[in-house]
Number of protein chains: 2
Amino acid sequence: MTSRTSATSSPDGVAIADADAARDGVEESPVRHIPEASVARLPIYLRALTGLVEQGTETCSSEELATATGVNSAKLRKDLSYLGSYGTRGVGYDVAYLHYQIAREIGLTHDWPVVIVGIGNLGHALANYSGFRSRGFRIVGLLDAAEELTDKEVAGLAVRPFDDLEKIIAEEGVAIGVIATPAHAAQDVADRMVAAGITSVLNFAPAVLTVPDSVGVRKVDLSIELQILAYHEQRKSEETS
Amino acid sequence: MTSRTSATSSPDGVAIADADAARDGVEESPVRHIPEASVARLPIYLRALTGLVEQGTETCSSEELATATGVNSAKLRKDLSYLGSYGTRGVGYDVAYLHYQIAREIGLTHDWPVVIVGIGNLGHALANYSGFRSRGFRIVGLLDAAEELTDKEVAGLAVRPFDDLEKIIAEEGVAIGVIATPAHAAQDVADRMVAAGITSVLNFAPAVLTVPDSVGVRKVDLSIELQILAYHEQRKSEETS
DNA sequence: TAGATTGTTAATCGATTAACAATC
DNA sequence: TAGATTGTTAATCGATTAACAATC
């Protein structure tokens, strides 16, 4: 409820969202609820649209966008219909306009300061990942508990001691934290993030995190995907029909 | 249908699965179909069980395992019931036994040689990721098109030119390939992998891959997860109730 | 036998998708 | 007007979960 306090009281103009939120809140009344499965596909459509914009394509049909993203076209139209009616019957969608509407819906028209904790191989890769910066995410802190990493430069940023966490979160108004530490450290990092005001956590550590209900957590597990592939691979060789 | 040819004709004993498959095929008749959503949770249960084994816990209830994994206990029991009846009413599950059964179901009791193509930051992180090795995945090739990387040592393996792909796949009987290249190179890499006999692809590149139906593809997109978090983060600040 | 916990049933919920009326 | 394509309906499919009989 009263969660984003530190994220909105930023002194240096990074503070976000609330003015827009108030406006949007007035105009779109019934708190449109977009199904989780649809939300998860919006970034996929967005990337395909970015590609079309770069190609100079001005208009596309749901069929074309569906092919480009590997999604069923009826599903795609239904997904888009949750956002509003941004297409034109008989014509299709204006690429640039739809791109903007999806970006706005996801929140990518905001500025999202992010901290990454744990600058091992993975943290290093994440810090350099261009897909973050290009989508409104701004890395404002790389932190690691290992003293030997302090002040080393990674992706143009000096690594800082983990104990600077609270200070950076407060100064920059950080709402989103990324955990790329070993499993045993993850819960402690999450606790400190939450205490400092972070309300969304992206967890790469192989650990289940306990956080208050008001805090969003998503988990990426590299080995789980590989295991799911192995399961299907094994099934293929078992096919004796 | 006739897909895994090169993966099974390996000359050096890496060839896998087929003997086991024949045996299993005889014993478990009706080609048990495990729902996709359940398959995706098996690795999560497996990890929790690994933790319990390490703690020396011998038995656990569905309730305990559910709490440890953040899953509803009824759902967990239903998931496990697809594998067989491995629990004891009134008692719970034998941790070591259940661990083995899940590992066997996923295929982690096999040896899975894997190649990684694209040794940038992410490929580097993947090569060093301990979660692969500890689960039966064995990295047998790190490949990159950039000549300046050739013969550099990463995770104890010399990086090899991309053109060695077919040779390594044939020699080692590789069925699973990991793509960690930039988006523009991903489809070409996938095509060459498939032509060389690979039947499962884990794709980290931000691109939609086109492969034959017989080839399994899973996609991990780091920025998509962050965008989904941003969506929910934005919704939190819009709550005007 | 009494207590505990599994494995399964069945109700519910949510997601997918073919089909088509609306409309450009 | 004719052709094209959206936005929506409704049927279907799959996943979740409370409840409980089976059974240790």
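Letters A, B, ... mirror the listed sequences (proteins, then strands); counts begin at 1. We use all heavy atoms of the structure for the numbers below, so side chains are in, but hydrogens, waters and symmetry mates are not.
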Worksheet item: For DNA chain D, whose closest nucleotide is more 5', that of A:A74 or that of A:G90?
Response: A:G90
Worksheet item: Is any side-chain heavy atom of A:Q227 closer than 4.5 Å to a side-chain heavy atom of B:L108?
Response: yes
Response to the item:
Per the 3.5 Å Watson-Crick/G-U criterion and a run length of at least three, the stems involving DNA chain D are C:3-24 with D:3-24
Discussion item. Is the ring pair A:Y129/A:F132 parallel, tilted or perpendicular, if the boundaries are 30 and 60 degrees?
Written reply: perpendicular
Worksheet item: If you look at every strand shown and take non-hydrogen atoms under 4.0 Å, does B:E63 touch a base, only sugar-phosphate, or nothing?
Response: nothing
Discussion item. Quick check for you: name the first and last nucleotides of DNA chain C, 5' to 3', having an atom under 4.0 Å from a heavy atom of chain B.
Written reply: C:dA4 to C:dA10
Worksheet item: Short question: side chain of B:T88, backbone of B:V91 - any donor-acceptor pair under 3.5 Å?
Response: no
Worksheet item: With a 4.5 Å heavy-atom cut-off, do A:I106 and A:P43 have their side chains touching?
Response: yes
Discussion item. Measuring centre to centre across the rings, with the benzene-like ring taken for any Trp, is A:Y97 within less than 6.0 Å of A:Y86?
Written reply: yes
Fill in: Working for salt bridge (Lys or Arg N to Asp or Glu O under 4.0 Å), residues B:R41 and B:E36
CA-CA 9 Å; B:R41 283 185 295 265; B:E36 223 14 72; over 6 Å; no
Discussion item. Please compare A:A37 and B:S81 by the position of their nearest nucleotide in DNA chain C and report the one closer to 5'.
Written reply: B:S81
Worksheet item: Under the side chain to side chain donor-acceptor pair (under 3.5 Å) test, which residues partner A:T69, sequence neighbours left out?
Response: none
Practice prompt. State plainly whether the residues B:R77 and B:E63 are in salt-bridge range, i.e. N to O under 4.0 Å.
Written response: no
Item to complete: Map A:T88 and A:K78 onto DNA chain C by nearest heavy atom, then report which one ends up closer to the 5' terminus.
Response: A:K78
